[in-house]
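Accompanying notes for the structure given below.
The basis for the numbers below is simple: all heavy atoms, side chains too, and nothing from hydrogens, waters or symmetry mates. Labels below follow one simple rule: chain letters A, B, ... track the order of the sequence lines, proteins then strands, and each chain is numbered from 1.
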Amino acid sequence: MLDIQKIRQTPDEVAAALAKRGYEVDFADFLGLDAKRKEIISEVESLKAERNSVSREIPQIKKQGGDASELLSKMKTVSDRIKELDEAQKTVETEIHDFIAGLPNLPDEDVVAGGKENNEVVSVYGEMPEFDFEFKDHVDLATSLGLIDYERGAKLGGNGFWLYTGVGAKIEWALLNYFITEHIKDGYEFILPPHMLNYECGYTAGQFPKFKEDVFKLETGNFMLPTSETALVNLYRDEILSEDDLPKRLFSYTPCYRREAGSYRSDERGMIRGHQFNKVEMFAFTKPEESDALHKELIEKACRLVEGLGLHYRLSKLAAGDVSASMATTYDIEVYLPSMGIYKEVSSISNARDYQARRGMMRFKREGSKKTEYIHTLNGSGLATSRVLPAILEQFQNADGSVNVPNPLQAFLGTDVIK
RNA sequence: GGAGAGAUGUCCGAGUUGGUUUAAGGAGCUGGUCUUGAAAACCAGUGUGCCUUUACGGGUACCUAGGGUUCGAAUCCCUAUCUCUCCGCCA
């Protein structure tokens, strides 16, 4: 949610910032509604003030044996008018709210305009792997090594589901363990949240109302979380924290459930894009002046995890149009997949600034201050396995079809090579 | 799944035959007095949103949420959510 004051005061600047995303907006209607709202409020509140004072007089009059019937009937009409105005106010406020809630976040000033094509590679780690043999893609490797069963996965869950078997399940679990252990070492608090969340959670995260169709809905009205960010961001919803509570550094592990309706591409074989994948998520709540530093910290943490595995990857700063709606700035970590000849995202590390905090009324108070301020929220995958595992299989494969196990996973697996 | 009880300000807790409660009392917290210092005692203050105001301030809404009745609702009615107790079922 954007700052409504900012829109009132500098609508052109806000529109220009949103235009960097390719999002066009006209604030004329909004400004009209906003003025109408104030008009209604000042009328209805003075009527309510009158009603309150008269309602206090009535029992006095009755007590003294006076006749209040004239006042009562007069107040009846006032009361009816109040009801009308209350209704009108609610209508206007709903319109305003729906409009504001639909607006994406403002990209940071240093985020360039345009879409994906304007993303900027900031750094590259490692060397692009070269093979002096006919290399396989991760689907062939995972199948031939017995790590993943795609056919039975589809039998159980349908298209877009797979199952990890035997050593495959162990690698998956080893990866998650590796990530979790590193976050614990860094002093982050481990959270295991519910996987089924209520509407409010999706709204605060910024997924609702616009992206309702992307999640699995349940009979209860809850939905399956598409990322544990959706859960974590709601931890302090409607709360006012004290300055000492911040920053909060958290992480969680959950599967992520996504409809991904119609978004399959033929080149996305295997576990590149599914309805369910495992992800460890980092999350932080900070004071505004500390969020840039925390963002950097999260990026470095995610990079270290990929480097620990020895994978060749690059770090990109996203252009405005590629930054998701709730975020002000995002860096992507992309690992190289030899079979596709491209880099695929394994982590998105973003600063939402106060956008989510406004939606979920997450605030804090500084020592000695009466004013409440909005918290900044940050999130980043740390990491999602569904693209790390394919990258490991493809980048570390040998001519005989075996795959070398990255260092951090060897102890858990009890081997340095999968045959 | 069945039956019952409950949800009040930072916390505890009173108020539920509708009108000096526009929320008592206590604790906590902040400031002050006193004190060498601290404690105790005493005094004062202590929520959030919105409207209005240069400012001081004023107004309004909020007793889980949403509706309803009424001149007037924490209090009465309806619905939802959550919590607790008992029974049943169950990993």
Side-chain angles (χ1 to χ4, degrees), chain A residues 1-9 30-101 192-204 208-209 217-223 231 234-246 248 354-375:
Chain A
M1 180 111 68
L2 299 183
D3 180 1
I4 195 161
Q5 292 287 5
K6 200 168 190 168
I7 301 176
R8 275 182 196 134
Q9 286 158 10
F30 160 77
L31 293 169
L33 286 171
D34 193 46
K36 192 173 158 198
R37 170 175 172 271
K38 289 192 182 181
E39 222 172 89
I40 294 171
I41 287 177
S42 56
E43 186 184 348
V44 77
E45 288 199 347
S46 66
L47 287 177
K48 281 179 178 171
E50 186 187 350
R51 182 179 69 182
N52 285 343
S53 73
V54 173
S55 291
R56 254 168 276 149
E57 282 171 34
I58 286 174
Q60 304 295 328
I61 294 171
K62 283 187 174 170
K63 206 179 279 177
Q64 288 158 21
D67 178 18
S69 59
E70 201 175 308
L71 266 183
L72 288 185
S73 67
K74 190 182 154 211
M75 281 303 104
K76 175 71 182 156
T77 61
V78 169
S79 195
D80 287 345
R81 178 66 181 154
I82 287 173
K83 199 174 275 183
E84 256 174 58
L85 289 169
D86 274 345
E87 203 96 338
Q89 182 185 343
K90 202 186 293 172
T91 308
V92 172
E93 288 187 342
T94 305
E95 275 180 68
I96 291 174
H97 179 266
D98 289 352
F99 171 73
I100 302 283
L192 290 171
H195 297 188
M196 301 167 207
L197 305 174
N198 55 31
Y199 182 90
E200 267 294 296
C201 291
Y203 174 78
T204 297
F208 300 161
K217 269 172 282 185
L218 301 167
E219 269 182 359
T220 58
N222 280 22
F223 65 96
N234 280 279
L235 245 50
Y236 306 109
R237 190 211 299 156
D238 295 323
E239 292 188 33
I240 299 175
L241 302 181
S242 78
E243 190 174 6
D244 306 337
D245 295 328
L246 300 173
K248 284 202 182 284
D354 63 5
Y355 185 87
Q356 292 175 320
R358 283 179 191 281
R359 295 175 85 90
M361 291 298 276
M362 296 167 233
R363 293 161 293 168
F364 77 102
K365 219 180 268 193
R366 290 183 199 273
E367 195 73 40
S369 169
K370 286 196 159 193
K371 236 179 56 190
T372 58
E373 293 175 57
Y374 289 102
I375 289 169

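Using atom C1' as the reference point in both B:U81 and B:G66, the two lie 10 Å apart (nearest Å). B:U22 and B:G15 have their C1' atoms separated by 15 Å, with the value rounded to a whole Å. For the C1' atoms, the distance linking B:C34 with B:A40 amounts to 11 Å, nearest Å. B:U85 and B:U30 have their C1' atoms separated by 41 Å, with the value rounded to a whole Å. Comparing the P positions of B:C12 and B:A7 gives a spacing of 12 Å, expressed to the nearest Å. Separating the P atom of B:G26 from that of B:C42 is a span of 10 Å, rounded to the nearest Å. With P as the reference atom, B:A14 and B:C71 are 33 Å apart, rounded to whole Å. B:A5 and B:G45 have their C1' atoms separated by 38 Å, given to the nearest Å.
The side chain of A:K76 contributes an N or O atom lying less than 4.0 Å from OP1 or OP2 of B:C71. Considering only side-chain N and O atoms, A:S79 lies under 4.0 angstrom from the phosphate OP1 or OP2 of B:G72. In this model, the phosphate group of B:C50 is not approached by any side-chain N or O of A:R37 to a distance below 4.0 Å at OP1 or OP2. Contact check, A:N52 against B:G72: no side-chain N or O comes under 4.0 Å of OP1 or OP2. Note on A:R51: a side-chain N or O is less than 4.0 Å away from OP1 or OP2 of B:G72. Look at A:K90 and you won't find any side-chain N or O under 4.0 angstrom from OP1 or OP2 of B:A61.
Of all the heavy atoms in A:R237 and A:G360, the pair that sits closest is CG-O, 3.2 Å. When all heavy atoms of A:V54 and A:M75 are compared, the closest pair comes out as CG1-CG, 3.5 Å.
The structure places CE of A:M1 at 9.0 Å from OG1 of A:T204, a figure rounded to the nearest 0.5 Å.
If you check every strand for non-hydrogen atoms under 4.0 Å, A:T372 touches sugar and phosphate atoms only. When heavy atoms are screened at a 4.0 angstrom cut-off, A:K371 is found touching no nucleic acid atom at all. No engagement by A:L71 is indicated, since no non-hydrogen atom pair under 4.0 Å with the nucleic acid exists.
Annotation: side chain of A:R81 is not in contact with side chain of A:R51 (no heavy-atom distance under 4.5 Å).
The interatomic distance linking A:Y374 (OH) with B:U48 (P) rounds to 12 Å, in whole Å. Counting to the nearest Å, the C1' atom of B:C51 and the CD atom of A:E93 are 11 Å from each other. Atom pair A:E200:CD and B:U81:P shows a separation of 15 Å (rounding to whole Å applied).
Between A:K38 and A:E45, the residue anchored closer to the 5' end of RNA chain B is A:K38, taking for each the nucleotide with the nearest heavy atom. Each of A:S46 and A:L72 lies near RNA chain B, and the nucleotide nearest A:S46 is the one positioned closer to the 5' end.
Here the side chain of A:K365 is nearest to one of B:C71, B:G59, B:G47, namely B:G47.
A side-chain contact (heavy atoms from CB on, under 4.5 Å) with A:F223 is found for one member of A:L197, A:N198, A:L218 and no other, namely A:L197.
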